[in-house]
There are 2 protein chains.
Amino acid sequence: MNKKKSQKLYLGWDVGGAHTKLSVIKPNSSSFHIYRCHLWESLDLLSKLVNSVCSKYNKRFIIINVITMSGEMSDIFKSRDQGVKDILNIFKSRGDENYVFSSKKPFFFKPKAITNTKSVSSMNWLATAKFLETCVNNAIAVDIGSTTTDIIIIKNGVCKNMGYDDFSRLSRSELIYTGILRTPLFAVTNQVINSKHRFPVIPEYFSNMSDIYRIMSDIDSRKDYSNSCDHRGKTYMNSLVRFARSLGFDYQPQHERKLKNLAKEIKLIQKSFIMEKIIATMENNFLKKEKINLIGLGIGSFLVREICHKTKLAYKDFNTFYNGNANKLFLPSDIAPAYSISMLLKFKNEQN
Amino acid sequence: MNKKKSQKLYLGWDVGGAHTKLSVIKPNSSSFHIYRCHLWESLDLLSKLVNSVCSKYNKRFIIINVITMSGEMSDIFKSRDQGVKDILNIFKSRGDENYVFSSKKPFFFKPKAITNTKSVSSMNWLATAKFLETCVNNAIAVDIGSTTTDIIIIKNGVCKNMGYDDFSRLSRSELIYTGILRTPLFAVTNQVINSKHRFPVIPEYFSNMSDIYRIMSDIDSRKDYSNSCDHRGKTYMNSLVRFARSLGFDYQPQHERKLKNLAKEIKLIQKSFIMEKIIATMENNFLKKEKINLIGLGIGSFLVREICHKTKLAYKDFNTFYNGNANKLFLPSDIAPAYSISMLLKFKNEQN
């Protein structure tokens, strides 16, 4: 028993507002998870999740938690500062070893050593960037998640992003508030045009982008971790009903073809929007003749792949930086920041 | 007791998805109410409300309910058709006299006579139009509510709107999905520019237009019947905190002036958007030399007044069509469809 307990287990946590992502790195295997954990409903949900995961492993392993987050901006917290503190306190209240990912060198700190929470707040994108610095020379990585898209620039092996906090990243388009699941349709466009007809999109949360990608058969339903807007099932048919509701009419079978065309248009609007941002980032950071890879991450990585196909850019899958068994529902690319911090801390500890 | 019970009381109900508006017309007095009643939470809320209001009056009066709605589009219902039926059933299950407002002549029907629910679905705007036909000759009425704006055209005493159902009204801009309370900021604009700085608006429901108008001191807090996004109080200070959250930063006192300027910009974007629609409606329906009034209705009628000031159009308050005591929190202009159906049915019954 004691012998077993000498083995270290790295748990990489990326605590978001709606979902918490977990990377479990055992000595000889690993697994990756996404848990629904709506912080705005109750912070207890996160406590329970952390306790249940840690209890599962702490008999056999020395647990080392590594934490990054963006959930501190949830409006359950009075401020981001308070959010970081409350989230870290959940981990501190347990007896395990904890490290927090910070934008300050040497990047990993004990929670009590964090004096300025700004270095922790929404730095999950930087965790991915720091990991990518160890793998690639010139690349743009695009992490398309449920509601946000992060653009990471790696040049000569160094992260070149200009913005650090959410606010500066937003204004530089390094953080784009668009995603493929929970983003409402009306955040993508206020109208859609098909066969010269204009369809205004109602700004009520009747449907979201997961309905569009479900209609387009683009997402694996097992990986679709979002809630549906009307709390009805996540079927193709229910998505058509919700989509029609956003356009102001009741779904009838004869609408199917029209709705599929309109869904295609909305997908195109979102994809073009992301593509423009990628191209602008590329032009601002690289010369035309420089060979760079576009790395797709997140549940929306298929869009990055499609953009590469259209722009003739070289696509590289983030999972090529992972040597383990790829026959799993979730892979590192689905939870890149959590995976990155767990691997970076493991490398660091093993080097020492 | 019996003598009293011979007096008729008209209850005009406008059942929305989030709020139910009520016009109470007694023989010698009247009152107007807005109740929070989120249909998407439970239809029981509406049952309870209807029962509590009717129980209050049915000992002293013969109650005549008159019903119009837009709440049938709430996603608690499988379809609008089902929504109309379920809402009407709540009234039918009581013993009072019920009439439903329909787009078909003679406009008021017993619920059981409604065979095609499309003539009832979201016809509350038409109720206001039918009432206005009795009061004005040439006018454009603009009803700015919590999430929607209705534009009604009266020419030579007749309603000239081309769209009838939500879908056709949306595509003709006779129904505009923008309002001054519950409409999310990101439905109004995805960015705001101030002093040459671009501020992207985060498409999370962190704040809504009520925060903007609270910061601008435009709304009477007693009439502001919306919920705040973070469930914290509806104070000026909390609105600044929520607004900053939508822009990606934590509020600090030194941000106040900047946020006030940005709120002003967002108000201007929404006001200009509504103004463009009004001007287009005017140009499509009236000659330049024709004298028409712009009638402001709804909790956002102050915007119509401001638009008149800017465009030098004649403003007319809907409450000038009401002869009762004006010293009340809510007046007919705040609940125009409910007021209109209660008055129209009363006129009709008294003529017979």
Side-chain angles (χ1 to χ4, degrees), chain A residues 17-18 40 72-83 117-118 121-122 147-148 165-173 175-179 182-184 186-188 190-191 197-207 228-232 241-242 244-252, chain B residues 17-18 40 72-83 117-118 121-122 147-148 165-173 175-179 182-184 186-188 190-191 197-207 228-232 241-242 244-252:
Chain A
W40 64 84
E72 80 289 347
M73 78 159 97
S74 166
D75 61 10
I76 196 174
F77 305 115
K78 282 216 165 175
S79 63
R80 285 157 188 251
D81 176 61
Q82 194 58 50
T117 57
K118 282 196 176 172
S121 177
S122 291
T147 49
T148 55
D165 59 7
D166 268 9
F167 180 69
S168 59
R169 293 176 64 230
L170 271 168
S171 49
R172 287 181 172 82
S173 295
L175 166 62
I176 312 165
Y177 252 94
T178 200
R182 214 160 48 80
T183 294
F186 64 99
V188 172
N190 58 10
Q191 61 176 22
H197 273 76
R198 189 179 79 91
F199 296 82
V201 177
I202 295 180
E204 293 274 358
Y205 197 47
F206 286 152
S207 64
S228 73
C229 293
D230 59 2
H231 305 289
R232 293 200 177 85
V241 171
R242 285 188 287 265
R245 194 176 282 132
S246 277
L247 300 176
F249 57 90
D250 276 353
Y251 174 74
Q252 301 287 342
Chain B
W40 64 84
E72 80 288 347
M73 78 159 97
S74 166
D75 61 10
I76 196 173
F77 306 115
K78 282 217 165 174
S79 63
R80 285 156 187 251
D81 176 61
Q82 194 57 49
T117 57
K118 282 196 176 171
S121 177
S122 292
T147 49
T148 55
D165 59 7
D166 268 9
F167 180 69
S168 59
R169 293 176 64 231
L170 271 169
S171 50
R172 287 180 172 83
S173 295
L175 166 62
I176 313 165
Y177 252 94
T178 200
R182 214 160 48 79
T183 294
F186 64 98
V188 172
N190 58 11
Q191 61 176 22
H197 273 76
R198 189 179 79 90
F199 296 82
V201 177
I202 295 180
E204 293 274 358
Y205 197 48
F206 286 152
S207 64
S228 73
C229 293
D230 59 3
H231 305 288
R232 292 200 177 85
V241 170
R242 285 187 287 265
R245 195 176 282 133
S246 277
L247 300 176
F249 57 91
D250 277 352
Y251 173 75
Q252 301 287 342

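Throughout, a chain's letter reflects where its sequence line sits, starting with A, and its residues are numbered from 1. What you see below is based on every heavy atom in this structure, not just the backbone, and it leaves out hydrogens, waters and symmetry mates.
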Point-to-point distance, once rounded to the nearest 0.5 Å, from OH of B:Tyr177 to CD1 of A:Ile202: 4.5 Å

Contact summary for B:Arg245 and A:Met73, nearest pair of heavy atoms: CD-O, 4.1 Å

Per-residue contact mode, A:Arg182 against chain B (heavy atom under 4.5 angstrom): side chain

Residue B:Arg232 versus chain A: region with a heavy atom under 4.5 Å: side chain

Side chain to side chain, B:Pro184 and A:Tyr205, heavy atoms closer than 4.5 Å: no

Euclidean distance, A:Phe199 CZ relative to B:Phe167 CZ, rounded to 0.5 Å: 4.5 Å

Selection from A:Arg80, A:His197, A:Arg169, A:Arg242 maximising heavy-atom pairs under 4.5 Å formed with chain B: A:Arg80

Under 3.5 Å: donor-acceptor pair, side chain of A:Asp250, backbone of B:Ser79: no

Chain A contact via B:Ile76 - side chain, backbone, both or neither, heavy atoms under 4.5 Å: backbone

Partner chain A: residue of B:Pro200, B:Ser168, B:Ser122, B:Ala187 with the largest heavy-atom pair count (under 4.5 Å): B:Pro200

Under 4.5 Å from any heavy atom of chain B - which part of A:Gln191: neither

Taking every non-hydrogen atom, the tightest pair across A:Ser173 and B:Arg198: OG-NH2, 3.6 Å

Any side-chain heavy-atom pair of A:Glu204 and B:Thr147 under 4.5 Å: yes

Contacting moiety of B:Tyr251, where chain A heavy atoms sit under 4.5 Å: neither

Winner by heavy-atom pair count (cut-off under 4.5 Å) against chain A, out of B:Leu170, B:Asp166, B:Asp165, B:Val201: B:Leu170

Chain A contact via B:Ser171 - which portion, at a heavy-atom distance below 4.5 Å: both

B:Asn190 side, atom CG; A:Thr178 side, atom OG1 - distance, nearest 0.5 Å: 10.0 Å

